Student: 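Below is the structure I would like to discuss, written out as structure tokens.
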Amino acid sequence: MAATLFDRVDLRVGDLPKVRGLYDALLTAMGYGRIVEDGGTVCYYTPGGERSAPFFGIDQDPGHRVNGTRIALRAQSRLDVDRLAAVARDAGAIAFEAPHVCEEYTPFYYAAFFEDAEGNKLEICYREAPAL
């Protein structure tokens, strides 16, 4: 049986309304358009997905302090990175780095880097398999 790396992302933010627009736009564009809210929590699920399917959750925590952690979200192609990066940029991403090949990682790594309005670090990436 293949292991699944994550069950969910459980991101903490100090001010949920401040960052919400970016996540609503980006995660919906990634196919996580079923949004469930409960007080200071919002969760993004795939529409029609099982209750046990992986999801992305954000919890308001007024004591949260941004750190150096980065969440990398996987795209399906370079064109998908470009599309999703444009969604993030247009939805208010800050510290935006346009999509590019990240030679320092590998010549097959294509990504865009940005932050939400609080400074939580995010990335949209695609790793190509090298030609044999």
Side-chain angles (χ1 to χ4, degrees):
M1 175 179 9
T4 301
L5 186 56
F6 293 107
D7 179 73
R8 70 186 174 283
V9 171
D10 188 6
L11 180 66
R12 303 285 191 227
V13 298
D15 184 349
L16 184 56
K18 183 178 178 180
V19 302
R20 177 86 190 260
L22 172 63
Y23 293 100
D24 281 0
L26 180 60
L27 294 171
T28 297
M30 294 184 76
Y32 289 81
R34 185 165 59 97
I35 301 171
V36 178
E37 302 177 57
D38 182 17
T41 300
V42 60
C43 295
Y44 301 85
Y45 299 88
T46 55
E50 300 174 25
R51 295 188 91 173
S52 61
F55 66 93
F56 193 107
I58 303 173
D59 294 296
Q60 183 161 300
D61 176 358
H64 174 72
R65 299 294 172 252
V66 174
N67 57 41
T69 300
R70 177 181 314 276
I71 297 173
L73 303 169
R74 182 176 288 188
Q76 301 301 310
S77 66
R78 285 186 180 203
L79 287 174
D80 202 28
V81 171
D82 295 342
R83 177 183 70 83
L84 294 168
V87 168
R89 183 196 61 229
D90 294 347
I94 61 173
F96 184 81
E97 291 180 40
H100 61 282
V101 174
C102 302
E103 291 282 343
E104 66 275 21
Y105 297 164
T106 172
F108 308 104
Y109 197 89
Y110 187 73
F113 301 87
F114 53 94
E115 298 175 5
D116 69 18
E118 287 193 341
N120 291 299
K121 295 171 180 17
L122 299 156
E123 168 184 347
I124 302 291
C125 63
Y126 174 68
R127 288 185 271 168
E128 292 178 279
L132 298 176

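Here the structure is a predicted model, which is why all the values come from computation and not from measurement. Basis for what follows: all heavy atoms, side chains included, without hydrogens, waters or symmetry-related copies.
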Student: So, do Asn120 and His64 sit near enough that their side-chain heavy atoms are less than 4.5 Å apart?
Tutor: yes
Student: Would a single hydrophobic cluster contain both Val9 and Val13, if residues Ile, Leu, Val, Met, Phe, Trp and Tyr are joined by side-chain heavy-atom contacts under 4.5 Å?
Tutor: yes
Student: Is the shortest side-chain heavy-atom distance between Tyr105 and Cys125 below 4.5 Å?
Tutor: no
Student: If you take all heavy atoms of Pro107 and Val101, which pair is closest and at what distance?
Tutor: O-CG1, 3.6 Å
Student: Closest heavy-atom contact between Pro17 and Gln60?
Tutor: CD-OE1, 3.5 Å
Student: Just checking Arg8: does its CZ atom have more than 12 heavy atoms from other residues, nucleotides or ligands closer to it than 6.0 angstrom?
Tutor: no
Student: Looking at every non-hydrogen atom in both residues, tell me the closest pair between Ala75 and Val81 and how far apart they are.
Tutor: CB-CG2, 3.5 Å
Student: According to a hydrophobic-cluster definition based on side-chain heavy atoms being under 4.5 Å apart (Ile, Leu, Val, Met, Phe, Trp, Tyr only), do Leu73 and Tyr45 belong together?
Tutor: no
Student: What's the separation between atom CZ in Phe113 and atom NE2 in His100, rounded to the nearest 0.5 Å?
Tutor: 5.0 Å
Student: Going from CG on Asp90 to CG on Leu22, what distance comes out if it is rounded to the nearest 0.5 angstrom?
Tutor: 11.0 Å
Student: Roughly how far apart are Glu115 CD and Glu97 CD, rounded to 0.5 Å?
Tutor: 9.0 Å
Student: Within the side chain of Arg83, is there an N or O that forms a donor-acceptor pair under 3.5 Å with the backbone of Ala29?
Tutor: yes
Student: Are the aromatic ring centres of Tyr110 and Tyr126 under 6.0 angstrom apart?
Tutor: no
Student: Would you compute the distance between atom CZ of Phe114 and atom CD of Glu123 and round it to the nearest 0.5 angstrom?
Tutor: 9.0 Å
Student: Count I, L, V, M, F, W, Y as connected when their side-chain heavy atoms are under 4.5 Å apart, and connections chain through other members. Are Phe96 and Ile124 then in the same cluster?
Tutor: yes
Student: Compare every heavy atom of Phe55 with every heavy atom of Cys43, then report the nearest pair and how far apart it is.
Tutor: SG-CE1, 3.7 Å
Student: Check whether any side-chain heavy atom of Leu122 lies under 4.5 Å from a side-chain heavy atom of Tyr23, and answer yes or no.
Tutor: yes
Student: Answer whether the closest heavy-atom distance between the side chains of Arg127 and Phe108 falls below 4.5 Å.
Tutor: no
Student: Is there a side-chain contact between Leu27 and Ile35 (heavy atoms, below 4.5 Å)?
Tutor: no
Student: Hey, what do you get for CG (Asp116) to CD1 (Ile94), rounding to the nearest 0.5 Å?
Tutor: 7.0 Å
Student: Could you check if a side-chain atom of Glu118 sits within less than 4.5 angstrom of a side-chain atom of Asp15, using non-hydrogen atoms only?
Tutor: yes
Student: If you look at every heavy atom in Val66 and Gly119, which pair is closest and at what distance?
Tutor: CG1-O, 3.2 Å
Student: Does the side chain of Asp24 reach to within under 4.5 Å of the side chain of Tyr44, using non-hydrogen atoms?
Tutor: yes
Student: Could you check if a side-chain atom of Phe56 sits within less than 4.5 angstrom of a side-chain atom of Leu26, using non-hydrogen atoms only?
Tutor: no
Student: With side chain to side chain contact (heavy atoms under 4.5 Å, CB included) as the criterion, how do Asp80 and Met30 come out once you've worked through the C-alpha distance, each side chain's angles and the decisive distance to 0.1 Å?
Tutor: CA-CA 9 Å; Asp80 202 28; Met30 294 184 76; over 6 Å; no
Student: Does Asn67 CG have over 12 foreign heavy atoms under 6.0 Å away?
Tutor: yes
Student: Can you tell me how far the CG atom of Leu84 sits from the CZ atom of Arg74, to the nearest 0.5 Å?
Tutor: 13.5 Å
Student: Give the minimum heavy-atom separation between Gly33 and Thr28, together with the two atoms involved.
Tutor: CA-OG1, 4.0 Å
